[in-house]
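Pasting a structure below so you can have a look.
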Amino acid sequence: MQHRIIVIGAGYAGASAAGRLARLLRREEVAITLVNAEPDFVERVRMHQLAAGQGLKPRPFSEMFAGTGVELRVAKVTGVDVDGKTVAVVDANGTEELAYDTLVYALGSGWNAQGVPGSAEHAYEIASRPGALRLRERLAGLDAGQTVVVVGGGLTGLEAATEIAEARPDLDVALAVRGELGDQLSPKGREHLRKVFDKLGITVHEHIAVAGVGAERVTTADGKAIPAAVTVWTAGFAVHPIAKLSTLEVTGTGQIVVDRTMCSVSHPDVYAIGDAAMVMGPGDKPLRMSCASGIPTAWQAVGAIAARLTGGKLSNAPIRYFNQCISLGRKEGLIQYVTADDRAVQAVLTGRLAAVYKELICKGAAWSVANPMLGLPARRRRVTRERAAADSAVRTPA
Ligand SMILES: Cc1cc2nc3c(=O)[nH]c(=O)nc-3n(C[C@H](O)[C@H](O)[C@H](O)COP(=O)(O)OP(=O)(O)OC[C@H]3O[C@@H](n4cnc5c(N)ncnc54)[C@H](O)[C@@H]3O)c2cc1C
């Protein structure tokens, strides 16, 4: 009988994991099913580009996984029963329960309006493709001089504000940030950011806590109103509630708590990767929700699953950061080099070269997902039957 591995969620983390598992394990011994709500891969890191009117390359999973042995199931996951070891899915044909021996949970995240009044009704989000397309349509309908306020000074907010301002120089684009512009960056990084924001004519509202979003303005905690024909909310991501509704051990925000092999601390048959997982990184700090951490968590989980099933060695390689790659429109960029635990150091790369570097990173991430079997040595390891059976029994929950 084959060992059944189900990967739920085919974003950067889940799709990478499914491809790698197929590369490492023998088809006749392991059945890998990849469940995703949509039939094609969504390059989430380009959602601000999509919103600003650019076209994205279609990446159907049927092409990406052709010949890999991975069974693709286009369906929406509605729940996981981690004690009964099943995943509930729904598609056009109705509902079904899929049984697994090992589950890889990679459902990613969506936007997080943090309960700010009016945000659900009036704000636009770019954490998902439908959200980005909705914003794209709205932006296309704006007249010259109308205001767009991007809320959130994180990397997504910086990328969104600059992309929109570059694509629509006729609009009045503003960014509202809690602290100062780019305060997570080095002095050189901040200086460059200001220069690009000035060049693009973006107004920066600093030390702002947005307390409400209306149809034509955002209001701040200290009672000010900032005109906004369109408000784009980028202040944080939230994970899907599915894990929280199960008996998995999760954090208050719903991320699955895992050990350094990405194995759930409460359910040893479950691995969580990408945004869905709470992973402690260098300096005992949780990894930030990003591709930069999500793809390495997939590699880590795959290595551990293969090692445990085949009797191989577990990897000790820590996940660390090298840089933060920020696009500032299509012509400008900022590569902020960081310590292993993601703190900015002095060195930065700026300008056109940084834009090209960032583009190569995005292309490389999509390429590695779209070509899951290429570039990896095939080490089809034999599953040790006793090991697969004993696996969950031996690793008792912490
Ligand atoms: C505009 C923007 C720019 C970004 N830029 C960067 C960047 O430059 N660098 C960086 O490192 N990170 C960046 N990020 C963050 C990065 O995109 C995410 O951290 C990353 O996509 C997380 O990968 P993931 O595989 O965990 O989840 P996702 O990529 O979100 O994938 C989750 C998958 O699960 C599927 N899914 C969700 N719910 C269900 C369900 N119920 N049933 C079935 N399938 C489901 C989705 O369709 C999706 O395919 C950016 C994000 C945004 C929004």
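Whatever order the structure lists them in is the order used to number ligands and atoms, beginning at 1.
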Give the atoms of ligand 1, by number and element, whose distance to some non-hydrogen atom of Thr156 is under 4.0 Å.
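The list of qualifying atoms is 1 (C), 2 (C).
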Using a strict cut-off of less than 4.0 Å between a Lys/Arg side-chain nitrogen and an Asp/Glu carboxylate oxygen, indicate whether Asp83 and Lys85 qualify as a salt bridge.
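Answer for the salt bridge query: no.
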Is the shortest N/O to N/O distance between Ala13 and ligand 1 below 3.5 Å?
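Yes.
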Atom 27 (O) of ligand 1 [closest protein heavy-atom partner, distance rounded to 0.1 Å]:
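It is Gly108 CA, 3.2 Å.
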Under a 4.0 Å N-O cut-off, is there an ion pair linking Glu159 with Lys358?
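The answer is yes: the pair qualifies as a salt bridge.
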With a 4.0 Å cut-off on heavy atoms, is Gly294 in contact with ligand 1?
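Not so, Gly294 does not reach ligand 1.
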Between Arg59 and Glu43, is there a side-chain N and carboxylate O pair less than 4.0 Å apart?
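Salt bridge flag = yes for Glu43 with Arg59.
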If you count every heavy atom of other residues, nucleotides or ligands that lies below 6.0 Å from Lys285 atom NZ, does the total exceed 12?
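It does: Lys285 NZ has more than 12 such atoms within range.
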Any idea which protein heavy atom is nearest atom 34 (O) of ligand 1, and the distance to it?
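Protein heavy atom at minimum distance: Gly9 CA, 3.3 Å.
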Pull out every atom of ligand 1 sitting under 4.0 Å from any heavy atom of Ala10, numbered as shown with elements.
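By the 4.0 Å cutoff, the relevant atoms are 33 (C), 34 (O), 49 (O).
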What is the nearest protein non-hydrogen atom to atom 38 (N) of ligand 1, stated with its residue, atom name and distance?
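I find the closest protein heavy atom is His240 NE2, 3.8 Å.
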Number the atoms of ligand 1 from 1 as they appear, then name those within less than 4.0 Å of a heavy atom of Ser109, with their elements.
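Selected atoms, number and element: 30 (O).
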Atom 31 (O) of ligand 1: nearest protein contact (heavy atom, Å):
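For this ligand atom, the closest protein heavy atom is Gly11 CA, 3.1 Å.
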Examine ligand 1 and decide if any of its atoms is less than 4.0 Å from a heavy atom belonging to Ser327.
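Not so, Ser327 does not reach ligand 1.
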Regarding Lys195 and Glu191, does a basic nitrogen lie under 4.0 Å from an acidic carboxylate oxygen?
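No salt bridge links Lys195 with Glu191.
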Could you check atom 21 (O) of ligand 1 against the protein and tell me its nearest heavy-atom contact, residue, atom and distance included?
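Atom 21 (O) of ligand 1 sits closest to the protein heavy atom Tyr12 CD1, 3.4 Å.
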Examine ligand 1 and decide if any of its atoms is less than 4.0 Å from a heavy atom belonging to Lys358.
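In this structure, Lys358 qualifies as a contact of ligand 1 - some heavy atom is under 4.0 Å.
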Side chain to side chain contact (heavy atoms under 4.5 Å, CB included) between Ile335 and Val348: does it pass, once the steps are laid out?
CA-CA 5 Å; Ile335 310 300; Val348 290; over 6 Å; no
Using non-hydrogen atoms of the residue, decide whether Phe237 is closer than 4.0 angstrom to ligand 1.
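So Phe237 counts as touching ligand 1.
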Judged by atom type as modelled, is there a donor-acceptor pair below 3.5 Å linking the side chain of Gln336 to the main-chain atoms of Gln324?
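Such a contact is absent between Gln336 side chain and Gln324 backbone.
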Electrostatic pair Asp341-Arg288, nearest N-O below 4.0 angstrom
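No, this pair does not count.
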Should Cys291 be counted as touching ligand 1, given the test is an N or O pair under 3.5 Å?
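Looking only at distances, the answer is yes, because the N/O contact criterion of under 3.5 Å is met.
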Nearest heavy-atom neighbours spanning Gly19 and Phe65
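Result for this residue pair: N-CE2, 3.9 Å.
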Check: Met47 N/O within less than 3.5 Å of ligand 1 N/O:
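So ligand 1 has no N or O lying under 3.5 Å from an N or O of Met47.
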Nitrogen or oxygen of Asp275 less than 3.5 angstrom from that of ligand 1:
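Right, the criterion is met.
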Before signing off on this row, confirm whether His48 and ligand 1 have an N or O atom pair separated by under 3.5 Å.
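Such a contact does not occur with ligand 1.
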Can you figure out which of Ile126, Val7, Leu107 has its heavy atom closest to atom 36 (N) of ligand 1?
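Among Ile126, Val7, Leu107, the closest heavy atom to atom 36 (N) of ligand 1 belongs to Leu107.
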Establish, yes or no, whether the cationic atom of Arg44 lies under 6.0 Å from the six-membered ring centre of Phe237 and within 45° of the ring axis.
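Yes, cation above the ring, under 6.0 Å and within 45°.
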Identify the closest protein heavy atom to atom 44 (N) of ligand 1: which residue and atom is it, and at what distance?
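Checked against all protein heavy atoms, atom 44 (N) of ligand 1 sits closest to Ala37 N, 3.0 Å.
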Identify which of Arg44, Met289, Lys76 has a heavy atom lying nearest to atom 2 (C) of ligand 1.
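Considering heavy atoms of Arg44, Met289, Lys76, the nearest to atom 2 (C) of ligand 1 sits in Arg44.
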Determine, for Tyr124 and Arg134, whether the Lys NZ or Arg CZ falls below 6.0 Å from the six-membered ring centre while staying within 45 degrees of the axis.
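Yes, Arg134 lies over the aromatic ring of Tyr124.
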Which protein non-hydrogen atom lies closest to atom 9 (N) of ligand 1, naming both residue and atom, and how far is it?
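For this ligand atom, the closest protein heavy atom is Val45 CG1, 4.2 Å.
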For atom 46 (C) of ligand 1, what's the nearest protein heavy-atom neighbour? Residue, atom name and distance, please.
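The closest heavy atom on the protein side is Asn36 OD1, 3.7 Å.
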Below the 3.5 angstrom mark, is there an N/O of Ala292, backbone or side chain, next to an N/O of ligand 1?
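N/O-N/O distance under 3.5 Å: yes.
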Would you call Ala106 a ligand 1 contact, heavy-atom distance under 4.0 Å?
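A heavy atom of Ala106 does come that close to ligand 1.
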Please examine the side chains of Tyr100 and Val82, heavy atoms only from C-beta on, and report whether any two atoms are closer than 4.5 Å.
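With C-beta onward as the side chain, the pair touches.
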Short N-O contact, Glu163 and Arg330, less than 4.0 angstrom
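Yes, charged N to carboxylate O under 4.0 Å.
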Check this for me: does any side-chain nitrogen of one of Glu180 and Arg190 sit under 4.0 Å from a carboxylate oxygen of the other?
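Salt bridge flag = no for Arg190 with Glu180.
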Residues Arg320 and Asp342 bridged, charged N to O under 4.0 Å
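Answer for the salt bridge query: no.
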For ligand 1 and Arg288, I'd like to know whether there is a polar contact (N/O to N/O, distance under 3.5 Å).
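Between Arg288 and ligand 1 (N or O atoms, distance only) the closest approach is not under 3.5 Å.
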Please work out which of Ile326, Thr78, Val77 has its closest non-hydrogen atom nearest to atom 40 (C) of ligand 1.
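Nearest option to atom 40 (C) of ligand 1, by heavy atoms: Val77.
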